[in-house]
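First comes the structure, then the notes that go with it.
Residue numbers start from 1 in every chain, and the chains themselves are labelled A, B, ... in the order their sequence lines are given, proteins ahead of strands.
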Number of protein chains: 2
Amino acid sequence: MKFGLKGKLAKKESRLEAIRDAHSVQGRTSHTYRMEDYLEVIYELIKEKGYASAVDISEYLNVSSPSVTKMMQRLDESGHLNYEKYRGIMLTDQGASVAKSMHERHNLLVEFLKMIGVKDEVANRDAEGIEHHLHPETLKKLEQFVKYWKKGKKANK
Amino acid sequence: MKFGLKGKLAKKESRLEAIRDAHSVQGRTSHTYRMEDYLEVIYELIKEKGYASAVDISEYLNVSSPSVTKMMQRLDESGHLNYEKYRGIMLTDQGASVAKSMHERHNLLVEFLKMIGVKDEVANRDAEGIEHHLHPETLKKLEQFVKYWKKGKKANK
DNA sequence: TATCAAAGTTAGCTTGGGCTAAACTAATAA
DNA sequence: TTATTAGTTTAGCCCAAGCTAACTTTGATA
Ligand SMILES: [Mn+2]
Ligand SMILES: [Mn+2]
Ligand SMILES: [Mn+2]
Ligand SMILES: [Mn+2]
């Protein structure tokens, strides 16, 4: 069909070129993957106990408490939370938004992985790694897919 | 049903506990994710041109050539390749095995992502990140799923 | 009110991975 | 054979993230 290509004239790249392109995507965001992990845990802790102490963060991320302190300082510096020495932390809007995003990605991934038969523990393990590497487009498509699969399991057409 | 649980008595963990478990999986392998990326590119280069020069590696990983040299030394040290100053490198069996594994994971992921409607470029980008975070069980389940889907699509036409 | 343990912080170190500038090698061209 | 130069390596730096040991703060209890 004459007008059917819809901009899909994307001259097929070699695998190496695809890899080059993938590795040349720079500075995506103003935070690291590790920051995302800390924010995620802080978010879950606040949801579950109302606050996030350093010992708890350190337990659930499996790091020492000095590492937690240092990261709190960085996250304060980057505007993801307000940190007051010895007193505690509070997520800023920016921090909460990143955290919530991680929570949702993790949810979606675990749901998908379990859907294709991966065991709970492994699903969570892999989700914890994968959650940081999803382009918004992928996220959207995966959401659609999971929704479709849940419904159409039999109505499948 | 009395005997239907098949060991699935896995007392449901809280999200935080799942995250703790995920983050407490240590020393998986004797190499880092970054090493996997280098090995993958080296593998593709050898497949395509017969050898892997530092300039090419540096181009496709988007890093400087001193960074390549340093990593070659590490990979030699860790037994993934044989490195001879100024002369070149050769993958060992260990290195080739890691490299091939990355190649296959990348393939599988791109296939899956395109399957759910993600565009080529984005699929490759995300695959490049995700490929390092797949448990063998996940890998197997994803393979099965993709195979099943390919068939079903045809059967379903 | 004074004490003390638990929680948090600081100091100082390590490691992986990155960079630029400068030095070196090896293959080719003259 | 020598000079040139592209490709490679070394030196020396940076940063994120981790750790242990030592110190400080806070809040509860005597
Ligand atoms: Mn997560
Ligand atoms: Mn994570
Ligand atoms: Mn890849
Ligand atoms: Mn990769």
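Using a 4.0 Å cut-off, no side-chain N or O of A:S67 falls inside it from OP1 or OP2 of D:dG18. For the OP1/OP2 pair of D:dT8 and a distance below 4.0 Å, the side-chain nitrogens and oxygens of B:Y83 include no atom meeting the criterion. For C:dT10, the OP1/OP2 oxygens have a side-chain nitrogen or oxygen of A:Q73 closer than 4.0 Å.
Judged by atom type and distance alone, B:R74 reaches the base of C:dG17 through a side-chain donor-acceptor pair under 3.5 Å.
Each of D:dT8, D:dA16, C:dG17 was ranked by its minimum atom distance to the side chain of B:S53; first place goes to D:dT8. Considering only the side chain of B:P66, C:dA21 comes nearest among D:dA17, C:dG8, C:dA21. Picking from C:dG8, D:dA21, D:dT9 the nucleotide with the shortest atom distance to the side chain of B:Y86 gives D:dT9.
Counting any heavy atom pair closer than 4.0 Å across all strands shown, B:Y38 reaches sugar-phosphate atoms only and no base atom. In this structure, B:K70 reaches the bases: a heavy-atom distance under 4.0 Å links it to at least one base atom across the strands shown. Within 4.0 Å of A:Y33, counting heavy atoms only, lies no atom of the nucleic acid at all. Contact annotation for B:S65: base contact, defined as any heavy-atom pair under 4.0 Å involving a base atom. Residue-level contact check: A:S64 touches the bases, meaning some heavy atom is under 4.0 Å from a base atom.
Atoms NZ (A:K85) and C1' (C:dT9) sit 7 Å apart, rounded to a whole Å. Rounded to whole Å, atom P of C:dC19 lies 13 Å from atom CD of A:Q26. Between A:D56 atom CG and C:dA6 atom P the separation is 16 Å, expressed in whole Å. Atom P of nucleotide D:dA17 and atom CG of A:D37 are separated by 10 Å, given to the nearest angstrom. Residue A:L61 contributes atom CG, which lies 8 Å from atom P of D:dG18 at whole-angstrom precision. Whole-Å rounding puts the A:R34 CZ to D:dA16 P distance at 15 Å. Atom CZ in A:R87 sits roughly 9 Å away from atom C1' in D:dT25 (whole-Å rounding). Straight-line distance from the CG atom of A:L75 to the C1' atom of D:dA16: 12 Å, rounded to whole Å.
A salt bridge links A:E111 with A:K150: the closest approach of a Lys/Arg side-chain nitrogen to an acidic carboxylate oxygen falls below 4.0 angstrom. In this structure, B:R20 does not pair ionically with B:E13, as no charged nitrogen and carboxylate oxygen lie closer than 4.0 Å. Using a cut-off of 4.0 Å between Lys/Arg side-chain N and Asp/Glu carboxylate O, A:D21 and B:R125 are scored as not salt-bridged.
Here B:H80 and B:Y38 keep their ring centres 6.0 angstrom or further from each other.
Hydrophobic clustering (ILVMFWY, side-chain heavy atoms < 4.5 Å, transitive): B:Y43 and B:L134 are in distinct clusters.
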